[in-house]
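Inspection log for the structure reproduced underneath, given as structure tokens.
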Amino acid sequence: MRELIKVMLVEDDPYTCEDFAYQMRGFSGLELVCQTDSETIALEYLKTNPVDVVILDLELREGDGLSFLEKLKGLEKEKPFIFVVTNTVSEITLNMVRANGSDYIYQKTNLSFSTGKILSLIEKVFLYKRARRSMDEEQTAEYLTQQENARMTRQFISRQLNKIGFSNGKLGTNYIQEILERVVSEGKLLNNSYMSQLYEEIAKEHHTGAVNVERNIRSAIASTWKNTQSATLERFYPYPWDKKKGKPTNREFLVNMADRLTTK
């Protein structure tokens, strides 16, 4: 008989908890052994009870996910597989989560997000982990996390641009997305020198010049501000712009969007 994978759910949203409990019925290899919205209760349970996987939200009713990960290091027990679920796309925050012991990160901004999807991933990843204990588990989990995170970040940024009115497929939109992806993933301040660097890097990759990259971005912003209703712009781009010029500058738009995308 196959050994069940013991799962702890540390989550404060009651609807999400109910959905996890309901979806768990469809996974014969998983067993929900503990459910709590408290960092303290979760840590106390782990002191005396075996758990294979912890599904961890970063925001809790009592405590928080990062604090939980830090304190988990102090327990003289084998660390369970930590599966973090979060809304954030900030690479700085995600790096902190990884550094404190997360094995896998799944973002709620993913279009395919569902509790069933998470449980399916847990079953696959944990069974793979069991079968390949001789491998460098940390390296394997980190690789999987990075690939999944990069894909979801691209999807999230694309959706935010679409909401404002940017059209997929246009060169300027593609350049904007590539710049925002790098800013989010690298967690750097988008100042003038960094923006110039990104223009040069993207131009080189697309076999064109930085001036052409800047021009296409400016054209995409101008077209979007011309064709999108003011109410939509103000809703999905809640920043001021020069009403006489009729649009924000490249730098204003990119800096503001980078801030919007990396703010939890």
Side-chain angles (χ1 to χ4, degrees), residues 58 86-97 105 107-113 146-264:
L58 294 185
T86 179
N87 280 307
T88 187
V89 296
S90 167
E91 193 63 21
I92 295 174
T93 302
L94 296 176
N95 281 336
M96 291 175 64
V97 172
I105 300 174
Q107 290 167 295
K108 294 179 180 178
T109 52
N110 186 349
L111 283 172
S112 64
F113 172 82
Q146 288 174 348
Q147 297 304 304
E148 184 72 5
N149 181 58
R151 182 182 67 80
M152 289 188 292
T153 298
R154 283 194 296 273
Q155 290 180 341
F156 179 67
I157 292 173
S158 178
R159 291 201 305 276
Q160 302 313 305
L161 292 175
N162 290 159
K163 288 177 181 178
I164 296 172
F166 285 90
S167 300
N168 292 333
K170 287 189 175 182
L171 270 178
T173 303
N174 292 342
Y175 293 154
I176 289 170
Q177 175 147 349
E178 289 184 32
I179 286 176
L180 292 175
E181 284 176 23
R182 297 184 193 205
V183 172
V184 170
S185 63
E186 295 176 15
K188 293 182 180 179
L189 177 66
L190 189 57
N191 54 29
N192 288 335
S193 62
Y194 183 36
M195 188 176 296
S196 297
Q197 175 190 325
L198 292 176
Y199 278 170
E200 293 289 346
E201 290 177 359
I202 289 171
K204 185 176 181 181
E205 291 175 8
H206 289 270
H207 307 288
T208 186
V211 172
N212 193 38
V213 171
E214 190 277 335
R215 184 186 301 118
N216 276 280
I217 289 175
R218 179 161 23 95
S219 176
I221 294 172
S223 177
T224 299
W225 254 253
K226 178 181 178 181
N227 296 309
T228 304
Q229 293 183 353
S230 296
T232 301
L233 291 172
E234 291 170 359
R235 178 181 178 187
F236 295 109
Y237 183 80
Y239 302 95
W241 68 84
D242 190 330
K243 296 300 189 292
K244 290 184 179 179
K245 293 182 178 179
K247 65 178 181 65
T249 65
N250 287 16
R251 185 182 186 283
E252 288 170 343
F253 177 76
L254 291 169
V255 168
N256 288 332
M257 283 303 294
D259 177 72
R260 184 169 175 79
L261 292 165
T262 55
T263 300
K264 189 175 178 180

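All of these numbers come straight from a predicted model, not from anything done at the bench.
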With rounding to the nearest 0.5 angstrom, report the [atom1] to [atom2] distance, [X] to [Y].
| X | Y | atom1 | atom2 | answer |
| --- | --- | --- | --- | --- |
| I217 | N174 | CD1 | CG | 10.5 Å |
| I202 | Q177 | CD1 | CD | 10.5 Å |
| T249 | N256 | OG1 | CG | 8.5 Å |
| E234 | W241 | CD | CH2 | 5.0 Å |
| H207 | E205 | NE2 | CD | 9.0 Å |

Once side-chain contact (heavy atoms from CB on, under 4.5 Å) is applied, do any residues pair with [X], and if so which ones, sequence neighbours excluded?
| X | value |
| --- | --- |
| S219 | none |
| S167 | K170 |
| N216 | L171, Y175, N212 |

Q. Taking I176 as the fixed residue, which of L180, I179, T173 is the one that meets the side chain to side chain contact (heavy atoms under 4.5 Å, CB included) rule?
A.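 Among L180, I179, T173, the one meeting side chain to side chain contact (heavy atoms under 4.5 Å, CB included) with I176 is L180.
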
Heavy-atom neighbours of [X] [atom1] exceed 12 at 6.0 Å:
| X | atom1 | answer |
| --- | --- | --- |
| K226 | NZ | no |
| R235 | CZ | no |
| Q229 | CD | no |

Would a 4.5 Å heavy-atom cut-off, applied to side chains only, mark [X] and [Y] as touching?
| X | Y | value |
| --- | --- | --- |
| V97 | T86 | no |
| E181 | F156 | no |
| L161 | T224 | no |
| I164 | M257 | yes |

(Q) What verdict does the side chain to side chain contact (heavy atoms under 4.5 Å, CB included) test give for I221 and F166, after you've listed the backbone C-alpha separation in whole Å, the side-chain angles of each residue and the deciding distance to 0.1 Å? (A) CA-CA 8 Å; I221 294 172; F166 285 90; 4.1 Å; yes

Q) Would V183 and L198 satisfy side chain to side chain contact (heavy atoms under 4.5 Å, CB included), going step by step from the backbone distance to the final call? A) CA-CA 9 Å; V183 172; L198 292 176; 3.9 Å; yes

Q: Check K163 against T232 and note the closest heavy-atom contact, atom names and distance.
A: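 For K163 and T232, the tightest heavy-atom pair comes out as O-CG2, 3.4 Å.
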
**Q.** G209 to A203 - nearest heavy-atom pair and separation
**A.**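 In this case the closest contact between G209 and A203 is C-CB, 3.4 Å.
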
Q: Sequence neighbours left out, what passes ring-ring contact (aromatic ring centres under 6.0 Å, His included) with Y237? Give chain and number order.
A: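 Here the qualifying residues are W225, Y239, F253.
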
Q) For E201, which residues count as a salt bridge (Lys or Arg N to Asp or Glu O under 4.0 Å) partner, sequence neighbours excluded? A)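 For E201 the salt bridge (Lys or Arg N to Asp or Glu O under 4.0 Å) partners, ignoring immediate neighbours, are R182.
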
Q: Could you note down all residue pairs passing salt bridge (charged side-chain N to carboxylate O under 4.0 Å, His left out) where residues 207-216 supplies at least one of them, sequence neighbours left out?
A: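 Only E214-R218 qualify under salt bridge (charged side-chain N to carboxylate O under 4.0 Å, His left out).
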
